[in-house]
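Have a look at the structure below, then the notes.
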Number of protein chains: 2
Amino acid sequence: MESQPLRIGALAKVAKVGVETIRYYQRRGLLAEPGKPLGGQRSYPPEAAERLRFIKRAQRLGLTLEDIAVLLKLNDGTGHVKARQLATHRLEEIEAKLADLTAMRDVLKKLVSQCEHSAGRVPCPIIQAVAGTKA
Amino acid sequence: MESQPLRIGALAKVAKVGVETIRYYQRRGLLAEPGKPLGGQRSYPPEAAERLRFIKRAQRLGLTLEDIAVLLKLNDGTGHVKARQLATHRLEEIEAKLADLTAMRDVLKKLVSQCEHSAGRVPCPIIQAVAGTKA
DNA sequence: CTTGACTCCGTACTGGAGTACGGATTCTAG
DNA sequence: CTAGAATCCGTACTCCAGTACGGAGTCAAG
């Protein structure tokens, strides 16, 4: 399938990322930067696309680029503990954020609902809540 | 209670924000900047603390500073519709983010659990998921 | 060959909400 | 009065993950 060397634009297209994103990942050390022919253009191995997909799959799990850099350095089979630490840490953060957002959602939902049912007969519940003049 | 004019550090302390935060809100137009005696220091009215509290309460509901700037401009009682729009919009965003994070949480939780129960006998499920070699 | 698309490179910018800094000045407790 | 804390001001920086830009050079289709 992906057996030809690619230039950066083609790699970006195949991996569904931006060219600038690839350059950024190279600067971050997440992706190797092939040598450049003198005054020429770089040629990327087909495997680079798979590496980009790895990065994006990990991001979709909530891992940061720093986490992903660590994961990419693990030797397959020898990094259970580290991978689990990363995942666990990120899981904790996600759960904390979920709790925050859930609380916000609940309050907002209630205030919006009250607003909708008040039809202008009482002071705005949203503003009152923010103004601190409402329980 | 808060009847004395305050200097910025005292205001920050009373409102539980940073001095730099106050300056930032002033630059953003969220808080008025009192006139300054020539070569002297500004004196804030006690009401400034309440305004800062308003801002922070709104932030805790998930509103952005831009949202809050709008809210602060509404005349009490005349801004139902706008306040509700802001709240509704933010509610939608929070709900979308909740959905994302929930999905992430669920996958991560499963992978971490699998990792814990595999005791090194299978390839790392976390790495495999990210590598795309696992359902 | 020509021209337009693409690549390169280094720097700057974006989003949003702060936070820090350096140097000068003011304020106040001791 | 002195010295240290606080204030001022304008600019830069942080967090994180990109994204954009300008100018120069390369590539490839027509």
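The model shown is predicted, which means the values in this text are computed figures rather than measured ones. Below, chain A is the first sequence line, B the second, and so on; all start at residue 1. Values reported hereafter were calculated over all heavy atoms of this structure, with side chains retained and with hydrogens, waters and symmetry mates removed.
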* To do: Go through residues 88-98 of chain A and report each residue with a non-hydrogen atom lying under 4.0 Å from DNA chain D, sorted by number.
  => none
* **Rounded distance (Å) that lies between atom C1' of C/dA17 and atom CD1 of B/I22** => 15 Å
* How long is the line joining CD1 of B/I8 and C1' of C/dC27, in whole Å? -> 15 Å
* Give the minimum heavy-atom separation between A/A58 and B/V130, together with the two atoms involved. => CB-CG1, 3.6 Å
* Is any side-chain heavy atom of A/Q114 less than 4.5 Å from a side-chain heavy atom of A/I126? -> no
* **Heavy-atom closest contact (B/A49 atom, B/V14 atom, distance)** => CB-CG1, 3.8 Å
* Asked: Looking only at heavy atoms, which two atoms of A/Y44 and A/P34 are closest? And how far apart?
  -> CE2-CD, 3.3 Å
* If we only count heavy atoms from C-beta on, is the B/L111 to A/L61 side-chain gap below 4.5 Å? -> yes
* Structure fact -> Min and max contacting nt of DNA chain D in 5' to 3' order, chain B heavy atoms within under 4.0 angstrom, are D/dT7 to D/dC9
* Structure fact -> note: A/L11, atom CG; C/dC8, atom C1'; distance rounded to Å ~ 15 Å
* How long is the line joining CZ of B/R7 and P of C/dT25, in whole Å? -> 18 Å
* Asked: How would you label the contact of B/R23 with the nucleic acid (heavy atoms, under 4.0 Å): base, sugar-phosphate, or nothing?
  -> base
* Tell me: NZ of B/K16 to P of C/dG18, nearest whole Å? -> 16 Å
* To do: With DNA chain D as reference, determine whether A/G18 or A/G40 sits nearer its 5' end, using the nearest nucleotide of each.
  => A/G18
* Structure fact -> Taken to the nearest whole Å, NZ/B/K36 to C1'/C/dT26 is 9 Å
* **Side-chain heavy atoms of B/Q4 within contact of B/P46, under 4.5 Å** => no
* Under the 3.5 Å rule, do the base of C/dT19 and the side chain of B/R27 count as making a donor-acceptor pair? -> yes
* **B/Y25 side chain near C/dA17 phosphate (N/O to OP1/OP2, under 4.0 Å)** => no
* **side-chain contact (heavy atoms from CB on, under 4.5 Å) partners of B/E33, counting only residues at least two apart** => B/Q26, B/R42
* Measure the distance from CG on B/L6 to C1' on C/dC27 and round it to the nearest whole Å. => 16 Å
* Asked: Are A/R51 and A/L72 close enough that some pair of their side-chain heavy atoms sits under 4.5 Å apart?
  -> yes
* Taking side chain to side chain donor-acceptor pair (under 3.5 Å) as the test, write out the residues that go with A/R7, two or more places apart. => A/Q41
Table please: side-chain donor-acceptor pairs of residues 15-25 of chain A below 3.5 Å, with sequence neighbours left out.
residue: A/Y24; atom: OH; partner: A/R28; partner atom: NH1; Å: 3.2
residue: A/Y25; atom: OH; partner: A/K56; partner atom: NZ; Å: 3.0

* To do: Measure from CG on B/L52 to C1' on C/dA17 and round the result to the nearest Å.
  => 14 Å
* To do: Kindly state which residues belonging to residues 55-66 of chain B come within less than 4.0 angstrom of DNA chain D, counting heavy atoms of the residue only, listed by number.
  => none
* Structure fact -> Residues passing the salt bridge (charged side-chain N to carboxylate O under 4.0 Å, His left out) test with B/R57, sequence neighbours excluded, are B/E50
Under 3.5 Å, which donor-acceptor pairs do the side chains of residues 85-99 of chain B form with other protein atoms, sequence neighbours left out?
residue: B/T88; atom: OG1; partner: B/R84; partner atom: O; Å: 2.7
residue: B/R90; atom: NE; partner: B/D67; partner atom: OD2; Å: 2.7
residue: B/R90; atom: NH1; partner: B/E93; partner atom: OE1; Å: 2.5
residue: B/R90; atom: NH2; partner: B/D67; partner atom: OD1; Å: 2.9
residue: B/R90; atom: NH2; partner: B/D67; partner atom: OD2; Å: 2.9
residue: B/E95; atom: OE2; partner: A/K109; partner atom: NZ; Å: 3.3

